[in-house]
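In what follows, chains carry the letters A, B, and so on, assigned in the order in which the sequence lines appear, proteins first and then strands, with residues in each chain numbered from 1.
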Amino acid sequence: MSLGAAEAAITVAEDHGGGVWREAFKRLSRNPAAIIGAVLIALFLFVAIFADWLAPYTALAPDLKQIKGPGHIPGPTAEHWLGLDDQGRDLLSRIILGARQSLLVGVVSLLFGMIGGIILGLLAGGLGGWFDTGVMRLVDMMLAVPGLLFAIGIAAMLGEGLLAVMIAIGVVNVPVFARLLRGQMLAQREADYAMAAKSLGVKRRRVILGHVFPNSLTPVIVQGTLTLATAIIEAAGLAFLGLSGADPSIPEWGRMLAESQRHLAIAPQLVIAPGLAIVLAALGFTLLGESLREALDPKYRR
Amino acid sequence: MLRFIVRRLLVLVPVLLGLSIALFAWVRALPGSPAQALLGERATQAQIEMINRQMGLDQPLYEQYLRFLGKVVRLDFGTSVQTSQPVIDEMIRRFPATFELGVTALLIAVVVGVPLGYFAARRNGTWLDSATITGSLIGITIPVFFLAYMLKYVFAVKLGWFPNTGRQEARMLDVEHPTGFYVLDGLVTGNMAAFWDAILHLVLPAIALATIPLAIIARITRAAVLDVLNEDYVRTAESKGLTSGVVTRRHVLRNALLPVTTVIGLQFGLLMSGAILTETVFAFPGVGKFVADAIPTRDYPSLQGFILVIATLFVLINLVVDVAYGLIDPRVRVR
């Protein structure tokens with residue numbers, strides 16, 4: 001058997017990749033938490049994608065005839081299901097349009113964090129030696145700064161703008177992915193299939209890139225699902241502190257919450273609606289991510 | 001053991017040095033130059049050069065860094081833009097508030113979270129178990145500031161059970177504060193009204209701040225207890241005829257709570273992030289509120305000082321936890 005054919009045999013043998021996911025999917029479809037999570041995510045995606053079409057009013061134009069004087073904030077009516085905000089704008093429409101903003105910030109910052117973390121983790125786990133030590137010290141350093149504070153610092157450095165916020169949240173998540181991938185690669189390097197490939201004379205780089213790396217990605221994907229939830233929460237937290245970066249004309253849940261807090265006593269719905277929107281979006285990804293982790297973890301298999 | 005501690009300490013040095021370099025570079029990467037910030041838009045070139053010379057910004061970078069490091073070691077973080085006072089004085093003045101809040105929150109998280117996780121594991125698969133898992137998942141997805149507003153709305157605005165904002169009622173402005181820790185001050189001066197008032201002011205922000213650590217601690221405890229319950233030595237202890245109380249105390253808890261202590265140490269960063277948001281919602285005059293106010297005022301010296309102090313504390317707390325863990329569990333030392 002040639003080296004190529006032997007290696008292909010190993011790849012076939014280690015192809016629990018597809019099997020593991022198929023198994024996991026079967027377990028997920030029986031788990032109520034996973035189903036609720038998936039439904040919440042589907043709803044969130046649907047609202048975010050078709051926001052323009054779903055929103056009954058525009059986000060900016062106030063419905064001035066509803067306002068009966070200064071300081072009056074109309075509550076829910078048949079025309080405005082959630083009522084109006086302090087500037088006479090339809091709250092439901094702003095929540096719907098805010099979904100797109102949340103999804104955008106969540107996904108882009110997740111991608112920044114995940115790609116950065118995968119590159120660092122792959123280099124650390126693949127090269128080893130002093131490079132590995134250096135990367136791990138860098139990871140320690142980054143993890144020593146509380147996430148929100150870290151994001152504030154980076155956003156301040158990059159200046160105003162949506163991209164600054166997305167990069168800030170992404171960078172905060174880089175060490176999480178880097179450490180996870182590196183640890184997984186170190187464990188996978190000792191696996192039988194990696195040993196088999198190595199003993200066949202497959203080059204080290206090829207063993208790592210072609211066999212160890214793809215087999216180490218599962219926990220990274222699970223973490224990605226969970227990180228999407230924290231990214232949405234972190235973006236809302238930054239917006240709450242005044243670092244939203246987005247164009248003020250675009251509704252953003254965290255900023256909506258921050259701006260309406262002074263009306264908490266008379267119009268709590270202005271705080272509750274964006275708050276619940278954040279919770280439901282984040283909960284969807286958390287439920288699915290946790291269920292996915294359980295489904296893929298051999299410890300939970302019975 | 002000593003070698004273990006020394007090794008852990010040596011790892012700290014590059015981390016802290018790296019952090020100081022990163023924060024030194026951070027200030028230089030901020031938009032706008034320090035001279036510009038001091039002099040405003042209409043500064044002349046000569047004025048800018050003079051300020052740069054005075055601040056040592058015309059020196060080579062490594063000399064600037066060494067001077068920065070020298071100051072940082074002496075806890076000199078510069079002057080706060082918000083108050084024109086030294087950053088370290090501002091932090092020391094506000095530290096007791098945040099400390100009281102953080103400790104109360106951590107206490108709530110541990111006192112509620114550990115038993116909750118324990119009983120969930122003991123009654124694995126029952127409604128209590130499912131409720132704990134679901135509750136903890138919801139707990140980690142509620143943004144701290146949203147929860148803080150909801151608590152404030154229901155228990156302060158609507159029910160009026162707790163005060164809305166601050167650390168002490170305005171009518172108690174003349175109360176003495178020898179330590180700055182208001183709860184302690186009430187006890188020390190024998191002023192029970194002030195003591196009770198300080199506690200009432202802590203309740204809502206502490207609950208808001210405690211939620212995420214509580215959820216995490218409950219989950220970790222549950223997982224750890226489940227792991228230990230499946231161990232052979234627990235079965236042996238039970239089959240020896242030991243009472244369930246003895247098995248629980250000597251065998252289950254002693255082994256299961258070890259990983260939990262590490263996780264409690266890791267909550268410090270979360271508590272600090274949470275304090276920034278919680279203190280803002282409740283206008284609680286602590287370090288977190290000061291940092292939140294530093295953002296719109298571009299008070300970068302305060303942010304820089306705060307990040308340095310918090311990161312150092314975080315690293316030190318985890319060192320203490322690691323060493324304590326090593327003392328209790330000899331297996332850790334070998335790693």
Measuring from B:I276:CD1 to A:L241:CG, what's the distance to the nearest 0.5 Å?
-> 7.0 Å
Taking C-beta and beyond as the side chain, do A:V271 and B:M150 meet within less than 4.5 Å on heavy atoms?
-> yes
Is there a side chain to side chain contact (heavy atoms under 4.5 Å, CB included) between B:F146 and A:V279 once you walk through the steps?
-> CA-CA 9 Å; B:F146 175 52; A:V279 172; 4.0 Å; yes
Between A:T286, A:I272, A:I278, which has the largest tally of heavy atom pairs under 4.5 Å with chain B?
-> A:I272
Sub-4.5 Å side-chain heavy-atom contact between A:V145 and B:L19 | yes
Evaluate the side-chain proximity of A:L149 to B:M272: yes if any heavy-atom separation is below 4.5 Å, no if none is.
-> no
For chain B, find which of A:L138, A:L276, A:I154 contributes the most heavy-atom pairs closer than 4.5 angstrom.
-> A:L276
What option among B:L277, B:T280, B:I142 has the most heavy-atom pairs under 4.5 Å with chain A?
-> B:L277
Residue pair B:K152 / A:Q261, side-chain heavy-atom distance below 4.5 Å | no
Contact origin within A:A33 toward chain B - heavy atom pairs under 4.5 Å = neither
Interchain contact, B:A156 with chain A, by part (heavy-atom threshold 4.5 Å) | neither
When rounded to the nearest 0.5 Å, the distance separating CD of A:E294 from CD1 of B:I133 is 6.5 Å
Can you say whether B:V144 sits under 4.5 Å from chain A via the side chain, the backbone, both, or neither, judging by heavy atoms?
-> neither
Are the side chains of A:L264 and B:Y149 in touch, meaning some heavy atoms are under 4.5 Å apart?
-> yes
Over 12 foreign heavy atoms within 6.0 Å of CZ, B:F99 | no
In terms of heavy-atom proximity below 4.5 Å to chain A, should B:L266 be classed as side chain, backbone, both, or neither?
-> neither
Would you mind checking which part of B:I295 comes under 4.5 Å of any heavy atom in chain A, side chain (CB onward), backbone (N, CA, C, O), both or neither?
-> side chain
What residues, two or more places apart in sequence or in another chain, satisfy ring pair (Phe, Tyr, Trp, His ring centres under 6.0 Å) together with B:F155?
-> B:W161
With chain B, the option among A:A281, A:A229, A:G237 that has the most non-hydrogen atom pairs under 4.5 Å is A:G237
Heavy-atom pair of closest approach, residues A:P268 and B:Y153 = CG-OH, 3.1 Å
Chain A contacts, top residue of B:F306, B:F145, B:F268, B:F314 (heavy-atom pairs, under 4.5 Å) = B:F145
Quick one: of B:V15, B:V315, B:T141, who has the most non-hydrogen atom pairs under 4.5 Å with chain A?
-> B:T141
Bottom line for B:L303: the part with an atom under 4.5 Å from chain A's heavy atoms is side chain
Tightest non-hydrogen contact, residues B:S273 and A:G147, listed as OG-N, 3.7 Å
If you measure from CG on A:L287 to OG1 on B:T134, what distance do you get to the nearest 0.5 Å?
-> 8.0 Å
Among B:Q304, B:R219, B:K158, B:R298, who wins on heavy-atom pairs under 4.5 Å with chain A?
-> B:R219
Given the options B:L137, B:L16, B:V157, which has more heavy-atom pairs under 4.5 Å with chain A than any of the others?
-> B:L137
